Number of protein chains: 2
Amino acid sequence: MSISEYSPSIGSVSPEYALLGFLSLDSAHGYELHQKLTAELGQVWHLSQSQIYSILNRLERKGLIQGTLQEQKKLPPKRLYKLTTAGQERFDDWLGSSSRPSARVIRIEFITRLFFAYSRDPDMAVQLVEEQIADTQARLQQLEDIQFTQPTGKIFNQMGLDLRIRQLNSILDWLISCRETLANSQKGAPTA
Amino acid sequence: MSISEYSPSIGSVSPEYALLGFLSLDSAHGYELHQKLTAELGQVWHLSQSQIYSILNRLERKGLIQGTLQEQKKLPPKRLYKLTTAGQERFDDWLGSSSRPSARVIRIEFITRLFFAYSRDPDMAVQLVEEQIADTQARLQQLEDIQFTQPTGKIFNQMGLDLRIRQLNSILDWLISCRETLANSQKGAPTA
DNA sequence: CGGATATACTCACTCAGTGAGTATATCGGA
DNA sequence: TCCGATATACTCACTGAGTGAGTATATCCG
């Protein structure tokens, strides 16, 4: 979800929190954030440079980050951003909240959250996975109920639902395997 | 994919073809299209009325559809749209093309295509499913190759890839079950 | 007869994402 | 030595997805 009253929500996952997340670890400028994002979550996010810069502008307008221009002798000046307290709060709230159980949202938003939760405290990451498993099971139940009430004539609606249910099931399997991985990496190697 | 040189592609599936599709079956106005879409593909698309109207405007600007204002005695005048030949061609091209094997694209774009293909000729729908199965298998192989080349340090990238692979697998299962359903409905009940 | 619901569309907005362009520096190879 | 590729660092103008509220009339039901 995007950071504002406006909430597109359906099918949309906002990259804003990913940037807030990296800034919560360390202040940085746009170019750097692009690199980190690509290196650490490149399989999750595909953001162009220009998108990064435009998001940074937006976040600054909203008062969640603040940038200061750093003159450099040789290279072009860079704008170093750091989180404001408002931004930190916003990010912390997000970090503790849960993701809508849908394929896209889980793949993008949830993994991003997991990444930052883990870097803060591996226990928290495991906790998040547990919660997400519960949410996903609940949603699965819901969809199965809906499936019964669907008119049988609309076979493509049925197919759509069927696919969604299958995908949620594969998400569930994945979450369970994540729980394993995280729980083990916690004992085996205390840091990432 | 959207209808223009501009192609957001990643994570985006354009609702334009859904509207072209319904207009290829019968000319209609915005309100009506919204109803049909909700009834027939409500589990696939969630378009607001305003979105429908804005897409219709765009399609008309692009010359793919043409609207004529129908005065009504009592109710407000409505704008009846029909496909232009350019629009018909564009839609036919799309109908024969294949979908990028990703969860979202399959769930939305592919099912939409299947719906219209089936209404034109059930054989064509089965054919589409076959092709999509092949594409999906190929993509699966690709992702599994990528998985090996991923640095093991980036566990969240790994998780992201793992999830994508699981989802593609569930899509594959679903496609196979679709092939069954469509093949049977073809013999059993020749019309939808 | 009065309020919910159906018909039919408009407008202003935020955010996602693309793609090309700007300007400078550094480093490796013909 | 210099020339082009690559890295640093950011800007701009654009299309399109999606929201949410508003307008105006008609009809139906209790």
Side-chain angles (χ1 to χ4, degrees), chain A residues 1-19 28-39 44-62 64 67-81 104-105 108-109, chain B residues 1-19 28-39 44-62 64 67-81 104-105 108-109:
Chain A
M1 274 198 262
S2 151
I3 303 180
S4 61
E5 288 85 311
Y6 169 85
S7 70
S9 171
I10 302 290
S12 127
V13 170
S14 161
E16 300 183 352
Y17 287 104
L19 297 190
H29 55 280
Y31 190 84
E32 219 176 321
L33 285 169
H34 183 249
Q35 286 182 316
K36 287 188 185 178
L37 196 64
T38 306
V44 174
W45 292 102
H46 301 272
L47 298 190
S48 65
Q49 279 197 349
S50 51
Q51 226 181 322
I52 302 274
Y53 291 111
S54 102
I55 294 168
L56 287 173
N57 281 331
R58 195 159 66 229
L59 291 174
E60 187 164 31
R61 270 205 315 278
K62 291 181 188 171
L64 300 177
T68 47
L69 212 62
Q70 313 265 298
E71 286 300 333
Q72 300 187 112
K73 315 154 201 142
K74 309 211 155 173
L75 286 167
K78 53 185 176 183
R79 207 164 168 74
L80 192 73
Y81 289 99
R104 183 174 160 77
V105 175
I108 299 183
E109 189 188 68
Chain B
M1 273 199 262
S2 150
I3 303 180
S4 61
E5 288 85 309
Y6 169 85
S7 70
S9 173
I10 303 288
S12 128
V13 170
S14 162
E16 300 183 353
Y17 288 105
L19 297 190
H29 55 279
Y31 189 84
E32 217 177 321
L33 286 169
H34 183 251
Q35 286 182 317
K36 287 188 184 177
L37 196 64
T38 306
V44 174
W45 292 102
H46 300 272
L47 298 190
S48 64
Q49 279 196 348
S50 52
Q51 226 181 320
I52 302 274
Y53 291 112
S54 103
I55 294 168
L56 287 173
N57 281 331
R58 194 160 66 231
L59 290 174
E60 187 164 32
R61 270 205 315 277
K62 291 182 187 170
L64 300 178
T68 47
L69 211 62
Q70 313 266 299
E71 286 300 332
Q72 300 187 111
K73 312 150 206 145
K74 308 211 156 176
L75 286 167
K78 51 187 178 182
R79 206 163 168 77
L80 192 73
Y81 288 99
R104 183 174 160 79
V105 175
I108 299 185
E109 189 189 68

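This is a predicted model, so every value here is computed, not measured. We name chains A, B, ... by the order of the sequence lines, and we start the count at 1 in each one.
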Undergrad: Answer yes or no: does a side-chain N or O of B:Arg61 lie under 4.0 Å from OP1 or OP2 of D:dT15?
TA: no
Undergrad: Dump the intermediate steps for side-chain contact (heavy atoms from CB on, under 4.5 Å) on A:Tyr81 and A:Leu64, then the final yes or no.
TA: CA-CA 10 Å; A:Tyr81 289 99; A:Leu64 300 177; over 6 Å; no
Undergrad: Under 4.0 Å between a side-chain N/O of B:Gln35 and OP1 or OP2 of C:dT7, yes or no?
TA: yes
Undergrad: A:His46 has an atom NE2; how far is it from atom P of C:dG19, in whole Å?
TA: 15 Å
Undergrad: Do any N or O atoms of the protein come closer than 3.5 Å to N or O atoms of nucleotides 9-12 of chain C, and which pairs are they?
TA:
from: C:dC9; atom 1: OP1; to: B:Arg79; atom 2: N; distance (Å): 2.3
from: C:dC9; atom 1: OP2; to: B:Gly30; atom 2: N; distance (Å): 3.3
from: C:dC9; atom 1: OP2; to: B:Tyr31; atom 2: N; distance (Å): 3.3
from: C:dC9; atom 1: OP2; to: B:Tyr53; atom 2: OH; distance (Å): 3.3
from: C:dC9; atom 1: N4; to: B:Gln49; atom 2: OE1; distance (Å): 2.5

Undergrad: How long is the line joining CD of B:Glu109 and C1' of D:dA17, in whole Å?
TA: 15 Å
Undergrad: How many Å lie between CD1 on A:Ile55 and C1' on C:dC15, as a whole number?
TA: 9 Å
Undergrad: Find the distance B:Ile52:CD1 to D:dG18:P and express it as a whole number of Å.
TA: 11 Å
Undergrad: Mind checking the CD-NE2 spacing from A:Gln35 to A:His29? Nearest 0.5 Å is all I need.
TA: 7.5 Å
Undergrad: Using 0.5 Å steps for rounding, measure from the OH atom of A:Tyr17 to the CG atom of A:Leu59.
TA: 9.5 Å
Undergrad: Within the structure provided, determine whether A:Leu33 and A:Tyr53 are in side-chain contact (heavy-atom separation under 4.5 Å).
TA: no
Undergrad: Per the end-axis method with five pairs at each terminus, what is the bend angle of the helix from C:dC1-D:dG30 to C:dA30-D:dT1, to 10°?
TA: 20°
Undergrad: For the pair made of CD in A:Glu16 and P in C:dT14, what is the distance, rounded to whole Å?
TA: 13 Å
Undergrad: Should B:Arg58 be listed as having a side-chain N or O under 4.0 Å from OP1 or OP2 of D:dG16?
TA: yes
Undergrad: Side-chain contact, heavy-atom cut-off 4.5 Å: A:Lys62 with A:Glu16?
TA: yes
Undergrad: Should A:Glu32 and A:Lys78 count as an ion pair when the cut-off is N to O under 4.0 Å?
TA: no
Undergrad: Taking atom CZ of A:Arg61 and atom CG of A:Asn57, what is their separation to the nearest 0.5 Å?
TA: 7.0 Å
Undergrad: Once you round to the nearest 0.5 Å, how far does OH of A:Tyr31 lie from NZ of A:Lys36?
TA: 14.0 Å
Undergrad: Starting at atom CZ of A:Arg104, determine the distance to atom P of D:dA17, rounded to an integer number of angstrom.
TA: 13 Å
Undergrad: Round to the nearest Å and state the distance from B:Leu33 atom CG to C:dA8 atom P.
TA: 12 Å
Undergrad: Please name all residues satisfying side-chain contact (heavy atoms from CB on, under 4.5 Å) with A:His34, sequence neighbours left out, ordered by chain then number.
TA: A:Thr38, A:Gln49, A:Ile52
Undergrad: Counting just side-chain N and O atoms, does B:Ser54 come under 4.0 Å of either OP1 or OP2 of D:dA17?
TA: no
Undergrad: Measure CG/A:Leu37 against P/C:dA16 and give the value in whole Å, please.
TA: 13 Å
